[in-house]
Number of protein chains: 2
Amino acid sequence: MRIIKEAEERKNEILDVAERLFGSKGFDNTSTNDILNEIGIARGTLYYHFKSKEEILDAMIDRMMKRLIEKAREIVSQKDVPVLQRLTMMMLSLHVSEGNFNQEILEQVHKPQNALMHQKMQERLLAGITPLITALIREGIAQGICQTDYPEEAVEMTFLYVNVAFDDLMEQSEEEKQKKIAAFIYHLERILQMKEGSMKEAIMPLFHKQRMPGSASHPYVK
Amino acid sequence: MRIIKEAEERKNEILDVAERLFGSKGFDNTSTNDILNEIGIARGTLYYHFKSKEEILDAMIDRMMKRLIEKAREIVSQKDVPVLQRLTMMMLSLHVSEGNFNQEILEQVHKPQNALMHQKMQERLLAGITPLITALIREGIAQGICQTDYPEEAVEMTFLYVNVAFDDLMEQSEEEKQKKIAAFIYHLERILQMKEGSMKEAIMPLFHKQRMPGSASHPYVK
DNA sequence: ATAAAATAAACCGACTGTCAGTCTGAAAGG
DNA sequence: CCTTTCAGACTGACAGTCGGTTTATTTTAT
C-alpha cells in the first residue's frame, strides 16, 4: 500500500520523527534507518526529500528555533507588561516552554555526544533572540530603568552565559543552583546598571505561587 | 620493520600526530587510518594504546590543556606584576600562546563539524582556569581594585564569553572587533565594579609597541 | 653464571559490522 | 507527464575486534 503525500507534509513527518529520535537518543546514535523504519518509508524517499542526514538536523533545528523565536517575539510585544518582567519571561521561556519537551531535549543536548546539535541550536537561538532582547533593553534604557553603551553586547554576554551555565544546572545541588541564579541576577544588574534588587523584584511576581519544576504555567508565559 | 617503543613514548607519538591532524582537518575528518598510516603503525597498535578514537581526543585535549593551564599558573604567580595586567595576560595567553599553534587549532575548532572538540576543550579549560582567575580576582578585591560578592561566577561569566564570542572574532571586520573588545572591557569593569578605564590602562602597557597579529611577544607573556 | 623457558609488553593486519549515501528502474497519484 | 514513492542492492568509508607474532624481560634449571 502506497501513501502519497505532499512534499511539505512528508518533510514535516520526517522532521517530527527526527526531532523525537534526535531528542531521545541523540544525533549520532540515531541512524537514518531508524527514521525511515519508524515512518515506514523507503531509503530513497528519505533522500528524495533531504540530501543528507545533517540537512535533516538543520531543518529540524530551524523549525524548532522558529517556534521558539515566535514565542519570544510575542513576549516582547506585550508592551503592557513591565520591561524587566518581559526580560525574565524571555529567559524562562527558553528553558521551560513547549510543555516539558525542551526539558527532554535539553537533557540530551548537553551530553558530549550531541555537541553538534547543541552548537547549532545555540547559534540559531543566539542569532534569533539577541535582537529581540536587545530591543527590550533599549526600551528599558529609554525608560531609565537601565543603561549601557553597548546593549547588543550586553545581551550577548548575559544570554550566552545563561545558555551555557544554566544548561548543566540540573546536575548541581539545590543550593548551588540558587547561588548561581543569585550571582547571575547580581551581575546582570551591574552590567545593565540597574537599581540593586530591581531585577529580583521583577522576577518575584512571576513566582507568587510555588511552581513544580518544569511544569505548571507562569501567569504570562503562554 | 618492527619498532618497539615504551608505551608512554608511543602514546605521545600518537597524540602528536592526532593533535596535528585534528587541528588541521578536524576530528571527524581525520580517520584512525590517517593517524596510524602517518606514524607507520598497525591498526591493532593504535587500539592497544587507546581503546577508542574518542579516547585519543580526550587524551590529546588533556595534554593540551595541562600545558595551557601550567602557563596560566605561571602568570598568576608573578606577584610583582599588577593584578589587572596579569588578568589581561591570562586572557591573551589563551589566544596567542604556543607560537601560532592555538591560532591554527582555534580556526578549526569553531567550525561546526568540530563542535565536540570545541566543547570538550572549553569544558576542560573552564574547569582548569576558572580557579586561577578567581584567585587573581580575590587578590584584586583584597587590594580594593575591584569588588563582587560572587568572584567565581563573575569569572565564569566573563571567561565563558571571551571564549565563545572571541572565537569567531576573526571573521568579523576590524571595527566590529574593536567594538566587541571595547564592549567587553566596558562590561567587565562593571561586573567587577572597577574604576572606569582602569582595565584599559592595564592593557595599554602590554601593547606599547605595535604587534604583528598572533606573533611577537608581550613584555610579560612568556 | 648462562642457556632455556616462561611471561609480559608491544605490535600486526585481516576481518567484522555499521552506516550514510547512491543508483536503478518501475509504479502510483494527481 | 510530472511529482512522489517504492524496493533494495550496492558502495565505500570507517571504527573497532581478534587471534596470532615479535621483541624484551624475568625466571628457572643446570
Side-chain angles (χ1 to χ4, degrees), chain A residues 1-61 108 111-117 120, chain B residues 1-61 108 111-117 120:
Chain A
M1 175 181 335
R2 185 165 284 217
I3 300 169
I4 303 264
K5 300 191 176 183
E6 288 225 344
E8 270 312 302
E9 197 179 346
R10 185 63 92 186
K11 271 192 179 181
N12 269 312
E13 195 177 5
I14 293 169
L15 293 183
D16 287 340
V17 174
E19 196 168 304
R20 209 177 60 249
L21 293 183
F22 292 166
S24 65
K25 307 197 307 180
F27 178 70
D28 287 337
N29 291 328
T30 302
S31 71
T32 49
N33 276 319
D34 290 342
I35 296 175
L36 63 241
N37 286 336
E38 177 128 348
I39 305 179
I41 57 173
R43 213 164 169 64
T45 309
L46 187 73
Y47 280 90
Y48 173 77
H49 291 287
F50 296 95
K51 76 176 211 295
S52 73
K53 190 187 174 190
E54 187 160 350
E55 200 180 274
I56 298 176
L57 178 66
D58 288 337
M60 176 216 120
I61 290 177
Q108 273 299 320
K111 288 185 188 166
Q113 359 154 1
N114 293 328
L116 178 66
M117 205 156 112
K120 288 195 171 197
Chain B
M1 207 225 264
R2 195 166 194 141
I3 299 167
I4 303 263
K5 300 192 175 183
E6 284 214 352
E8 270 312 300
E9 194 180 348
R10 187 62 93 187
K11 270 191 179 181
N12 269 312
E13 195 178 4
I14 292 169
L15 293 183
D16 287 340
V17 174
E19 196 168 305
R20 210 178 59 249
L21 293 183
F22 292 167
S24 64
K25 308 197 305 179
F27 178 70
D28 287 338
N29 291 327
T30 302
S31 72
T32 48
N33 276 320
D34 290 342
I35 297 175
L36 53 91
N37 285 336
E38 177 131 345
I39 304 179
I41 57 174
R43 226 169 154 60
T45 308
L46 188 73
Y47 281 91
Y48 173 77
H49 292 285
F50 296 95
K51 77 177 210 294
S52 72
K53 191 186 173 190
E54 186 160 350
E55 199 181 275
I56 298 177
L57 178 66
D58 288 338
M60 176 215 120
I61 290 178
Q108 273 300 319
K111 288 186 189 166
Q113 0 154 357
N114 293 328
L116 178 67
M117 205 157 113
K120 288 196 172 198

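Atom CG in A:Asn33 sits roughly 9 Å away from atom C1' in C:dA20 (whole-Å rounding). With rounding to whole Å, B:Asn37 atom CG is found 11 Å from C:dG13 atom P. Atom CG of B:Asp34 and atom P of D:dC14 are 7 Å apart (whole Å). In this structure, A:Glu55 atom CD and C:dG21 atom P are separated by 10 Å, rounded to whole Å. Put simply, CD on B:Glu9 is 17 Å from P on C:dA9, counting in whole angstrom units. At whole-Å resolution of the value, NZ in A:Lys53 and P in C:dT18 are 15 Å apart. Rounded to whole Å, atom P of D:dC14 lies 14 Å from atom CG of B:Leu46. Atom pair A:Lys11:NZ and D:dT5:C1' shows a separation of 16 Å (rounding to whole Å applied).
At least one side-chain nitrogen or oxygen of A:Tyr47 sits closer than 4.0 Å to the OP1 or OP2 atom of C:dG21. Contact between the side-chain N/O atoms of B:Thr32 and the OP1/OP2 oxygens of D:dA15 is found at a separation under 4.0 Å. In terms of phosphate contacts, B:Arg10 brings a side-chain nitrogen or oxygen within less than 4.0 Å of OP1 or OP2 of C:dC11. The side chain of A:Tyr48 contributes an N or O atom lying less than 4.0 Å from OP1 or OP2 of D:dT4. Between A:His49 and D:dT5, a side-chain N or O to OP1/OP2 separation shorter than 4.0 Å is present.
For the atom pair B:Arg10 CZ and B:Glu13 CD, the distance stands at 5.0 Å (nearest 0.5 Å). The line from CZ of B:Phe27 to CE of B:Met60 is 10.0 Å long, rounded to the nearest 0.5 Å.
Remark: the A:Arg43 side chain and the D:dA7 base include no donor-acceptor N/O pair separated by less than 3.5 Å.
If you check every strand for non-hydrogen atoms under 4.0 Å, B:Thr45 touches a base.
Using a 4.5 Å heavy-atom threshold, the side chains of A:Leu57 and A:Phe50 count as separate. At a threshold of 4.5 Å between non-hydrogen side-chain atoms, the residues A:Ile39 and A:Thr45 do not count as touching.
The backbone N or O of B:Ser31 lies less than 3.5 Å from a partner atom in the side chain of B:Asp34, making a donor-acceptor pair.
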